[in-house]
Protein chains: 2
Amino acid sequence: MEDKEQTSLGSRPMVGGEGPQSYAQNSSIQKKVVEDTKELIHVAIIEKLGLQYITNSGSSNSTFRIADLGCSVGPNTFFAVQNIIDAIELKYHKTYKGNKINPEFQVFFNDHADNDFNTLFKLLPPSRNYFTNAVPGSFHGRLFPKSSLHFVHSSCSLHWLSKVPKEVVDSKSPAWNKGSIICTGLVKEVLDAYSNQFNNDMESYLTARAQEIVGGGLMVLIFPVLPDGIPMAQTSTGKAMELLYSCLNDLAILGLVKQEKVDSFNIPFYFPNAEEMVRIVERNGYFIVEKIQEYLSKSPVISKDVQFLITSHLRAATEGIIKEHFGLGIVEELFNYFQKKLTDDDHTFTKEYTPEIEYLFIVLKRKAFDR
Amino acid sequence: MEDKEQTSLGSRPMVGGEGPQSYAQNSSIQKKVVEDTKELIHVAIIEKLGLQYITNSGSSNSTFRIADLGCSVGPNTFFAVQNIIDAIELKYHKTYKGNKINPEFQVFFNDHADNDFNTLFKLLPPSRNYFTNAVPGSFHGRLFPKSSLHFVHSSCSLHWLSKVPKEVVDSKSPAWNKGSIICTGLVKEVLDAYSNQFNNDMESYLTARAQEIVGGGLMVLIFPVLPDGIPMAQTSTGKAMELLYSCLNDLAILGLVKQEKVDSFNIPFYFPNAEEMVRIVERNGYFIVEKIQEYLSKSPVISKDVQFLITSHLRAATEGIIKEHFGLGIVEELFNYFQKKLTDDDHTFTKEYTPEIEYLFIVLKRKAFDR
């Protein structure tokens, strides 16, 4: 999985296939993020990529290896990858003027092993100019051989944690998160538990990538962050999750799910802020921050028209984790109920009271190391 | 697809998943081939693999890249790959005595894009010592960057042609194959058409691999060949196919499929003989034949006990191609009917009259080239 959701969650895969509930049909928000960052990535490659780090870059015998980590099933990952390749080709063209030297591109689409890679392969652009690979596994661990990648991209994936911090579902812990299914940011102990998990996950992620990326190679990370001083509870993502929680509670009262099941359910995602992310990168030590930029992805105004969008996106992203925890039977009922509550509720998502999610765009360069 | 069948056929994927009709559950014949060739591959690696061709092979920073072409969904491909890795590790151990230098292994599982890679990933051995990749696409074309592979394995796949030769389904051609769905070897024009297609396909295959394999890299190919002087029609594979054809004809008489559909159906596979294969490799020119060996894979005696095996293997391999040509509706009926005919027929497959299929084991080394 490693989803791509504004209103999202889940450590189980996005909904596969191409049906009406699928991620492939319900990832317009993530597509927007890809479009928003297109120019930023282009500029980063032109300005920051050093071709001298690519073996044989000046000959016709060089391979440029790109990984998209947390790719889901497409099609967004294909747009992102093509944008990266177009920029690299332009960089080659500028560097080796007139020599018509282009590398061969090898692209690695990574996501959890239970991602629907069959659909990814079905949706592949037929006329692509790269060699295609799917790489199954968690990006919190090693996925590639040493010094084998030149460019890593990960969009809307890193806010997903490797697991729910165990304290938050432990009724004996001060960090027990009874009364919520997310890190609202309103309870310090819960916030600390989630933050620790995010820090540990990022440290694992960066250390794995440090092995895999060549010295001088670039990594572009894009993920949602909290605006300054705004807790998760006040964001549209937070509000959608709280609404989902209230639906689960109602279903528990109706006897359709067990209350203990609801109490032990947390969704393992966390939005850091920009400073926290920079501290993590600096403490890790393997990468230089080449560029960091917060930007607002203009999300659609929340109106009746987009209520369906909220529900469908939320469902595409969370169905897997909900099935895993509660069983298959609840899913249809839950999201119908969610849709109804959303329609009945005119106030929760009004624009004035819902800060927009910001995204962090960060370009890291692997420090050159001894070979 | 690129199947792995003794009694087999089809240019559509093997049956996916892990159900009773799946390739994963119906590939014991291919498993036997993997077991039979284990020792041969081991010896080939110890005797023929030159570690000097591997970049940084003497340091701890080297990557050894292995591709299995026509892998299907597992588990046979995992046994084959592990065997290769074990032998390479032994070779490293012998070469760099006591230095405990081992490369990192990167494995590429290739098959057609409509292969069930989700099942492949589900069946992956949890404790594997290699980085995993799936590569979708036809191995008759390029799949990997230049000089990026050190070892290529392909077992029971190369006898599948990229397409049915067009002459054999053209009623105006002297090579029209009316009255059969395979290359029986009994009609010269049909045999020539199939042989030409195989030659063209192998030329494409070898030329693509020549680009992808480093100078000195090895390629092990294993596929069924015809025993000297025996036409396909006399082999168990040929006989099973002829029986399938008679079932299709019967269904046409019953009006369940159209006769034209049966007449335009051919299964694109071809068993060469060893000399033919050597001629193709020599004409291509990029590889040296390091070793060639024909061997008999003792197939189970055909008895009532294994009639189910024949049907289930045949079905796992051909269901895709039959669905594609005739539509989904016919499959269940056809194989029930096939099973019944097989049970009623005590003579066709008696051991005395059915020559066993031979396999060709061939080790090719990529000629060293200028860099």
Side-chain angles (χ1 to χ4, degrees), chain A residues 13 16-17 54-56 59-67 73 102-126 128-138 141-150 208 211-212 214-215 369-371, chain B residues 13 16-17 54-56 59-67 73 102-126 128-138 141-150 208 211-212 214-215 369-371:
Chain A
I54 319 303
T55 311
N56 300 324
S59 86
S60 62
N61 215 11
S62 88
T63 301
F64 196 101
R65 295 191 171 88
I66 298 165
V73 301
N102 263 330
E104 293 189 319
F105 292 97
Q106 191 173 28
V107 173
F108 298 87
F109 296 101
N110 157 259
D111 216 313
H112 279 273
D114 52 5
N115 183 54
D116 184 357
F117 285 103
N118 288 352
T119 295
L120 179 84
F121 287 164
K122 197 171 162 191
L123 297 177
L124 276 168
R128 62 198 183 275
N129 58 344
Y130 50 84
F131 298 112
T132 306
N133 298 263
V135 179
S138 163
R142 286 284 303 279
L143 295 165
F144 304 94
K146 283 179 196 145
S147 303
S148 66
L149 296 177
H150 303 103
Q211 298 284 307
E212 298 164 354
V214 299
F369 45 87
D370 305 331
R371 303 225 221 187
Chain B
I54 320 301
T55 312
N56 300 324
S59 86
S60 61
N61 214 10
S62 87
T63 301
F64 196 101
R65 295 190 170 90
I66 299 164
V73 301
N102 263 331
E104 293 188 319
F105 292 97
Q106 191 172 28
V107 174
F108 299 87
F109 296 101
N110 157 260
D111 216 313
H112 278 273
D114 52 5
N115 183 53
D116 185 358
F117 285 103
N118 288 351
T119 294
L120 179 85
F121 287 163
K122 196 171 163 191
L123 297 177
L124 276 168
R128 62 197 183 276
N129 58 344
Y130 50 84
F131 297 112
T132 306
N133 299 263
V135 179
S138 163
R142 286 284 304 279
L143 295 165
F144 303 94
K146 282 178 197 148
S147 301
S148 66
L149 297 176
H150 303 102
Q211 297 285 306
E212 298 164 354
V214 299
F369 46 87
D370 304 331
R371 301 224 223 189

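A quick note: this is a predicted structure, and the numbers were derived from the prediction, not measured. Every chain is numbered from 1 and lettered A, B, ... according to where its sequence line falls, protein lines coming before strand lines. Keep in mind that the numbers below use all heavy atoms, side chains included, and drop hydrogens, waters and symmetry copies.
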Under 4.5 Å from any heavy atom of chain B - which part of Tyr130(A):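 Neither part.
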Proximal component of Phe108(B), with respect to chain A [non-hydrogen, under 4.5 Å]: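 Only the side chain of Phe108(B) comes within 4.5 Å of chain A.
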Residue part contacting chain A, namely of Arg65(B), when any heavy atom lies under 4.5 Å: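 When you check distances to chain A, only side chain atoms of Arg65(B) fall under 4.5 Å.
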Nearest-0.5 Å distance, CZ of residue Phe144(B) to OG1 of residue Thr132(A): 11.0 Å
Distance (rounded to the nearest 0.5 Å) between Phe121(A) CZ and His112(B) NE2: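 Going from CZ on Phe121(A) over to NE2 on His112(B), the span is 13.5 Å.
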Side-chain touch Pro136(B)/Leu124(A), heavy atoms, less than 4.5 angstrom: yes
Winner by heavy-atom pair count (cut-off under 4.5 Å) against chain B, out of Thr63(A), Val135(A), Asn133(A), Asn118(A): Asn118(A)
Nearest non-hydrogen partners of Lys146(A) and Glu104(B), listed with the distance: N-OE1, 2.7 Å
